[in-house]
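Working notes, structure below.
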Amino acid sequence: MTSRIYFLITFVFIVIILALAFYYQLHLGYAPCNLCEIQRIIFIAVAIVLLIAMVHNPARFGICFYALLALLLLVMGGIVAERQLWLQS
């Protein structure tokens with residue numbers, strides 16, 4: 001499989017996660033906290049990076065660059081999630 005498929009699969013998973021988050025907010029009435037909104041912004045940024053990577057279909061260096069950029073954003077999201085868990089404990 002090409003890197004384009006991996007970027008697409010990851011992009012689809014993130015879109016599903018965001019769709020569920022917006023479904024809970026808009027249809028079930030759960031209001032997101034500020035940290036949840038920050039996490040959504042980070043997930044949207046990761047989705048944009050993956051979409052660009054999928055369309056660009058880069059060579060080896062580009063694959064590493066996009067993957068590391070997405071990983072950096074996901075680590076930032078993990079830090080925000082850890083902070084949220086710490087505040088709620």
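No donor-acceptor contact under 3.5 angstrom links the side chains of R83 and Q88, judged on distance only.
To the nearest 0.5 angstrom, I38 atom CD1 is 8.5 Å from C33 atom SG. Note: E82 CD to L35 CG = 12.0 Å, rounded to the nearest 0.5 Å. For the atom pair S3 OG and R60 CZ, the distance stands at 11.5 Å (nearest 0.5 Å). Taking CG of L51 as the reference point, atom OG1 of T10 lies at 12.5 Å (rounded to 0.5 Å). The distance from atom OG1 of T2 to atom CD1 of I63, rounded to the nearest 0.5 Å, is 8.0 Å. Atom CG of L50 is separated from atom CD1 of I9 by 11.5 Å, given to the nearest 0.5 angstrom.
Counting only distance, with no hydrogens or angles, the side chain of R40 and the backbone of L18 share no donor-acceptor pair below 3.5 Å.
Transitive grouping of hydrophobic side chains (ILVMFWY, heavy atoms separated by less than 4.5 Å) brings I48 and L8 into a common cluster. Cluster annotation: F11 is connected to L20 through the hydrophobic network of ILVMFWY side chains, with a link wherever side-chain heavy atoms come within less than 4.5 Å. If you chain together hydrophobic residues whose side chains sit under 4.5 Å apart, M76 and I52 fall into the same group. Note on I16 and V49: same hydrophobic cluster, where clusters join Ile, Leu, Val, Met, Phe, Trp and Tyr whose side-chain heavy atoms are under 4.5 Å apart, directly or indirectly. Both I44 and L69 belong to a common hydrophobic cluster when Ile, Leu, Val, Met, Phe, Trp and Tyr are linked at side-chain heavy-atom distances under 4.5 angstrom.
Considering every non-hydrogen atom in both I42 and L73, the closest pair reads CG2-O, 3.1 Å. Nearest heavy atom pair, residue A70 against residue V46, reads O-CG2, 4.1 Å. When every heavy atom of I14 is checked against every heavy atom of A47, the shortest pair comes out as CG2-CB, 3.9 Å. P58 and A53 get closest at one heavy-atom pair: CD-O, 3.3 Å. In plain terms, the two heavy atoms of A81 and Q39 that are nearest each other are CB-NE2, 2.9 Å.
Aromatic ring orientation, F7 versus Y66: perpendicular (interplanar angle above 60°, classes split at 30° and 60°). A parallel orientation is assigned to the rings of F65 and F61, their planes being inclined by less than 30° (bins at 30° and 60°).
Here the side chains of V15 and V12 are not in contact, with every heavy-atom distance at 4.5 Å or above. Between L68 and L72, every side-chain heavy-atom pair lies at or beyond the 4.5 Å cut-off.
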